[in-house]
Amino acid sequence: MNSATTDAPFVFSPASSPLGPDAAAPSHNRTPGSSRATESLVDETRREISEMVREIALAVRSERSRAEFFGMLADRILRAMAAEGVVIWRIDTRESADSNREGPAEELDSLAAATLKMSVVHRIGEITDRSIPVVSITAHDRMLLEVSDAAQPVVVPATPDASDPDVPANPTRFPAAVVPIECESDSTGESYLLEVFLEQECGVATQRGYLRFVAQMADLAGEFLRSDQLRDLHRRRLRTEQVDAVIASIHGLVSREKIEARVVDAASDIFGFDRVGLCYLRNDVAELSAVSYVNTIDFRGAAAKQMVSTSESFYTPDTYVVLESDDSDEKNTATLLPRVVAASEARDSLCLVGLASTDSGVECQSIANDLQRLVKHAGLAIRHRKSIEAIPGGQWLVSFSNQSRGRRSGNWLARGFAIMMLTLIAVIALLPVPMVVTTPGTLRPEKIQSLFASRSAVVQQIHVSHGDRVQRGQALLTLHDPELEKQITTLLGRHAVLLQKQAAITTALVDSASHRSDRNEQIQSERSLVAEELHAIDDQLQILTRIKDSLVLRATEDGVVDSWQIRRRLLGRPVVRGDKLLEVIGDNTAWLVDARVPLSRIASVRSSLQSETLRTAVLIDGSATPNHTAVVQQFGPSTHNVKDDTDTKAVVLRIENGDDIGALFGVGPVSGSPVRVLFRCETKPAIGVLFYDAFESVRSTIGLYWSAGSQTTENAA
């Protein structure tokens with residue numbers, strides 16, 4: 001597409017550029033009266049245009065918003081040129097650049113993607129982009145993109161009803177002057193185009209004059225955009241400084257309520273919201289906590305309900321959401337509508353809702369970073385204050401610290417009180433207290449008889465009950481083995497048959513005394529075989545009888561039966577060889593405790609035992625007996641408990657004067673009862689006892705590195 005002008009910059013001069021088709025007409029065709037009237041009209045028009053240009057030039061340096069400036073610019077251009085329409089376009093250049101990287105083969109797709117990022121900033125007049133048929137919009141957008149890429153002002157002739165999407169065109173009935181607005185598009189990521197629809201019958205010279213004027217207006221618009229960028233950076237810097245000051249102040253406040261009030265008030269002042277609310281989200285239910293410049297919240301009011309419903313609908317942790325309002329709804333202009341929702345981290349569950357009217361000048365996108373940063377620090381400050389308030393006196397300490405920092409001269413009374421408090425804390429920290437280690441344990445008697453099943457059988461009889469006192473040799477359980485009884489019966493039957501056979505052989509031997517000698521020898525040998533078989537059967541019967549006798553379990557010592565609900569558990573039940581059936585606790589037995597001491601505390605127990613300062617006590621859970629003293633008998637192996645992921649050391653203790661433990665026999669089992677063992681070790685400073693695990697971890701780590709370094713030095717030597 002060729003430009004209708006040269007590449008030289010266009011400088012507007014009212015005396016040098018024609019203003020329309022009539023200005024190019026020869027003057028000798030006019031009468032003197034009409035000539036003077038025309039010149040007067042032209043001069044007046046030039047003065048009006050000059051005034052418009054000066055007005056726009058003054059607006060470039062003003063503090064107007066972009067919407068106000070572009071609205072005034074389009075209106076003045078339309079009036080000065082008597083144009084059919086003016087449209088100001090904005091193009092997202094970042095999207096266009098990313099799309100063009102795809103290569104020549106995908107140029108059409110890149111242009112289509114960029115077209116989707118084009119938007120109208122302002123339109124005025126009878127002929128605008130809305131006058132273009134739907135089928136011709138793609139060709140028109142392609143024309144705008146090509147002019148933007150070429151960065152040259154052109155007059156595009158009218159091509160009515162052009163619909164080919166591959167050919168850039170002006171599908172209206174009026175020629176269009178299209179001029180790129182030069183601004184810092186690389187830094188802002190957006191560029192602008194000025195499109196003016198000219199008169200339908202104007203000539204080429206007139207179009208060139210119009211194009212010069214439009215180019216000058218585009219230069220002024222570019223200067224405004226560059227100045228507006230500087231003003232915007234200045235506003236952002238001031239806003240960032242204000243947010244930093246608010247963040248510093250909320251971290252110094254002593255209560256959660258003051259932090260919430262400070263945050264909502266500051267958000268309303270800095271960002272220009274008409275109303276700001278702060279909500280907490282718990283299980284997807286919002287709770288309104290603070291409203292800007294409101295001491296008492298009306299939870300039944302429409303604004304409060306609106307804030308709560310908006311928080312519940314749009315809350316997502318660590319996000320910033322801009323809510324679009326429906327401008328077509330006329331009733332929205334008179335009410336406050338939610339504009340932004342800023343949320344903190346998930347563990348804080350904090351949500352800030354900003355409300356403003358639809359005609360307010362709040363730039364929701366530009367304030368995203370500052371507002372989100374304010375909300376995150378608000379959640380952090382509130383979380384810290386909750387932790388401090390949970391400590392007794394924590395809120396007072398923070399208040400005192402803030403007061404001390406705010407005074408330059410210092411308050412001697414406050415300083416003295418602070419020194420006294422620190423001294424008291426130091427004395428308490430260094431106060432010697434005993435190191436107490438409490439661990440679980442298991443009670444067991446030293447003399448105990450555990451009865452096990454000698455073979456697989458069925459419990460036939462139970463001769464005792466739990467807590468019965470028994471004597472040595474007394475029968476406790478009787479087992480029955482059907483297979484054993486069957487074997488014994490079979491052997492007895494075989495034994496009887498062999499006895500009869502032996503008697504028959506003896507009779508035959510007497511009758512055959514007068515017969516031949518060879519027959520006599522045969523009978524003698526048969527008699528010997530029967531006798532040997534009878535002897536073998538007798539031996540088997542003796543063994544089976546001893547086995548049958550072993551099925552009767554007896555007490556080996558005098559004592560007490562310790563087996564809860566033995567009849568319910570065992571009577572008539574089959575058992576397997578090795579199954580534990582019951583226990584008998586011996587009389588006058590000593591009592592032991594198997595304790596499990598954490599490895600992190602075993603050093604204190606060992607050192608106290610060596611220095612003879614260790615005191616131990618055993619409390620039997622579920623009993624009314626007093627504590628029993630005990631002594632450490634031996635240390636066992638170290639074990640790892642998978643359930644609670646702890647490392648423990650086995651310690652065996654012997655209870656002194658534990659005769660009264662036998663009184664528990666009537667109320668329940670004693671062997672294996674859970675107990676609590678208390679080791680009272682040597683005294684240490686209170687801070688050492690409180691942070692014992694941390695100190696031991698540091699000491700062991702330093703010792704590990706020290707030993708590794710020493711070993712490395714020895715190897716190197």
Student: Tell me, please, which residues at least two apart from Ala304 pass side chain to side chain contact (heavy atoms under 4.5 Å, CB included).
Tutor: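 Checked Ala304 against side chain to side chain contact (heavy atoms under 4.5 Å, CB included); matches are Leu288.
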Student: Would you mind checking if Glu223 and Arg226 are paired as a salt bridge, meaning a charged N to carboxylate O distance below 4.0 Å?
Tutor: no
Student: Strictly by salt bridge (charged side-chain N to carboxylate O under 4.0 Å, His left out), give each pair with a member in residues 280-306 just once, sequence neighbours left out.
Tutor: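 Every salt bridge (charged side-chain N to carboxylate O under 4.0 Å, His left out) pair that includes a residue of residues 280-306, provided the two are not neighbours, is Arg282-Glu287.
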Student: Would you say that Glu51 contacts Arg54 through its side chain, given a criterion of any heavy-atom pair below 4.5 Å between the two side chains?
Tutor: yes
Student: Indicate the atoms forming the closest heavy-atom contact of Ile124 with Thr128, along with that distance.
Tutor: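 Taking every non-hydrogen atom into account, O-CG2, 3.6 Å.
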Student: If you take all heavy atoms of Ala342 and Gln372, which pair is closest and at what distance?
Tutor: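 Heavy-atom minimum between the residues: CB-OE1, 3.6 Å.
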Student: Does CG belonging to Asn369 count more than 12 external heavy atoms closer than 6.0 Å?
Tutor: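 Count not over threshold, so no.
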Student: So do the side chains of Val120 and Val87 get within less than 4.5 Å of each other, counting heavy atoms only?
Tutor: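 Yes, close enough: below the 4.5 Å cut-off.
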Student: Starting from the C-alpha separation in whole Å, work towards a yes-or-no answer on salt bridge (Lys or Arg N to Asp or Glu O under 4.0 Å) for Arg237 and Glu241.
Tutor: CA-CA 6 Å; Arg237 182 180 64 82; Glu241 293 176 354; 2.9 Å; yes
Student: Taking it one step at a time, do Lys258 and Arg262 satisfy side-chain contact (heavy atoms from CB on, under 4.5 Å)?
Tutor: CA-CA 6 Å; Lys258 292 182 178 180; Arg262 176 67 174 132; over 6 Å; no
Student: What closest approach, in Å, do Ser136 and Pro171 show between heavy atoms, and which atom pair accounts for it?
Tutor: CB-CB, 3.5 Å
Student: Any pair with a residue in residues 153-182 that passes ring pair (Phe, Tyr, Trp, His ring centres under 6.0 Å), sequence neighbours left out, goes on the list, sorted by first then second residue, please.
Tutor: none
Student: Would a 4.5 Å heavy-atom cut-off, applied to side chains only, mark Pro180 and Gln152 as touching?
Tutor: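 No; the side chains remain at least 4.5 Å from each other.
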Student: List the residues meeting salt bridge (Lys or Arg N to Asp or Glu O under 4.0 Å) with Arg239, not counting sequence neighbours, and say none if there are none.
Tutor: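 With neighbours one apart ignored, the set is Asp370.
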Student: Return the set of residues passing salt bridge (Lys or Arg N to Asp or Glu O under 4.0 Å) with Glu260 (not counting sequence neighbours), or none when no residue passes.
Tutor: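 In terms of salt bridge (Lys or Arg N to Asp or Glu O under 4.0 Å), with neighbours along the sequence ignored, Glu260 is linked to Arg256.
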Student: Using side-chain contact (heavy atoms from CB on, under 4.5 Å), reason through Val179 and Val154 one step at a time and then give a plain yes or no.
Tutor: CA-CA 6 Å; Val179 181; Val154 295; over 6 Å; no
Student: Tell me whether the count of non-hydrogen atoms from other residues, nucleotides or ligands lying under 6.0 Å of CG in Asp318 goes above 12.
Tutor: yes
Student: For Ser344, what residues pass the side chain to side chain contact (heavy atoms under 4.5 Å, CB included) criterion, not counting sequence neighbours?
Tutor: Asp348, Leu350, Val375
Student: Can you measure from CZ (Arg385) to OG (Ser255) and round to the nearest 0.5 angstrom?
Tutor: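 Output value for this atom pair is 9.0 Å.
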Student: Can you sort out the partners of Phe271 under ring-ring contact (aromatic ring centres under 6.0 Å, His included), two or more places apart, ordered by chain and number?
Tutor: none
Student: Look at the side chain of Ser148 and the backbone N and O of Leu145, then say whether any donor-acceptor pair between them is shorter than 3.5 Å.
Tutor: no
Student: Taking side chain as C-beta onward, heavy atoms only, is Val340 less than 4.5 Å from Leu371?
Tutor: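 Val340 vs Leu371: side chains touch.
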Student: Working to the nearest 0.5 angstrom, can you tell me the gap between Glu190 CD and Ile181 CD1?
Tutor: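 Rounded to the nearest 0.5 Å, the CD-CD1 separation comes out at 11.0 Å.
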Student: Going by side chain to side chain contact (heavy atoms under 4.5 Å, CB included), name the residues that satisfy it together with Ser292, two or more places apart in sequence or in a different chain.
Tutor: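 So Ser292 forms a side chain to side chain contact (heavy atoms under 4.5 Å, CB included) with Val264, Asp265, Ser268, Arg275, Val276.
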Student: Looking only at heavy atoms, which two atoms of Ala267 and Leu352 are closest? And how far apart?
Tutor: CB-CD1, 4.4 Å
Student: May I ask you to say whether Arg383 pairs ionically with Glu345, meaning some side-chain N is under 4.0 Å from a carboxylate O?
Tutor: yes
Student: Identify the residue among Ile247, Val246, Thr240 that makes a side chain to side chain contact (heavy atoms under 4.5 Å, CB included) with Val243.
Tutor: Ile247
Student: Backbone N or O of Arg173 within a donor-acceptor pair of the Gln200 side chain at under 3.5 Å?
Tutor: yes
Student: For the CZ atom of Arg231 and the CZ atom of Arg66, what is their distance to the nearest 0.5 Å?
Tutor: 9.0 Å
Student: Should the heavy atoms of other residues, nucleotides or ligands under 6.0 Å from CD of Glu182 be counted, would the total exceed 12?
Tutor: no
Student: Ignoring hydrogens and geometry, is there a side-chain-to-backbone donor-acceptor pair from Ser313 to Thr310 under 3.5 Å?
Tutor: no
Student: Heavy-atom distance under 4.5 Å between the side chains of Asp274 and Ser357, does that happen here?
Tutor: yes
Student: Does some side-chain heavy atom of Leu337 sit less than 4.5 Å from a side-chain heavy atom of Leu355?
Tutor: no
Student: Report the C-alpha separation of Met307 and Leu278 in whole Å, then their side-chain angles, then the decisive distance to 0.1 Å, and conclude whether the side-chain contact (heavy atoms from CB on, under 4.5 Å) test is met.
Tutor: CA-CA 8 Å; Met307 293 178 184; Leu278 194 66; over 6 Å; no
Student: When rounded to the nearest 0.5 angstrom, what is the spacing between CE in Met81 and CE in Met217?
Tutor: 10.0 Å
Student: Nearest 0.5 Å please: distance from the CD1 atom of Ile425 over to the CE atom of Met420.
Tutor: 10.5 Å
Student: Once ring-ring contact (aromatic ring centres under 6.0 Å, His included) is applied, do any residues pair with Phe224, and if so which ones, sequence neighbours excluded?
Tutor: Phe69
Student: Kindly give the heavy-atom pair with the smallest separation between Pro165 and Thr138, and that separation in Å.
Tutor: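 For Pro165 versus Thr138, the nearest heavy atoms are CB-CG2, 3.6 Å.
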Student: With no hydrogens and no angle check, is any side-chain donor or acceptor of Asn283 less than 3.5 Å from a backbone partner on Val285?
Tutor: no
Student: Report the residues that fulfil side chain to side chain contact (heavy atoms under 4.5 Å, CB included) with Ser65, sequence neighbours left out, ordered by chain and then residue number.
Tutor: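 Listed in chain order: Ala67, Glu68.
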Student: To check you understand the geometry: which heavy-atom pair defines the closest contact between Arg90 and Tyr192, and what is its length?
Tutor: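 In terms of heavy atoms, the two residues are closest at CD-OH, 3.6 Å.
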Student: Report the C-alpha separation of Ile132 and Thr172 in whole Å, then their side-chain angles, then the decisive distance to 0.1 Å, and conclude whether the side-chain contact (heavy atoms from CB on, under 4.5 Å) test is met.
Tutor: CA-CA 6 Å; Ile132 301 174; Thr172 65; 3.9 Å; yes
Student: With sequence neighbours excluded, give me every salt bridge (charged side-chain N to carboxylate O under 4.0 Å, His left out) pair touching residues 123-138.
Tutor: Arg123-Asp129
Student: What ring pair (Phe, Tyr, Trp, His ring centres under 6.0 Å) pairs are there with at least one residue in residues 140-172, not counting sequence neighbours?
Tutor: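 Sorted pair list: Trp89-His140.
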Student: Hey, what do you get for CG (Leu198) to CG (Leu211), rounding to the nearest 0.5 Å?
Tutor: 8.5 Å
Student: Answer whether the closest heavy-atom distance between the side chains of Pro175 and Val156 falls below 4.5 Å.
Tutor: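 When only atoms from C-beta onward are counted, Val156 and Pro175 do not touch, as no gap falls below 4.5 Å.
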Student: A side-chain contact here means heavy atoms from C-beta on lying under 4.5 Å apart; do Leu194 and Val214 qualify?
Tutor: yes
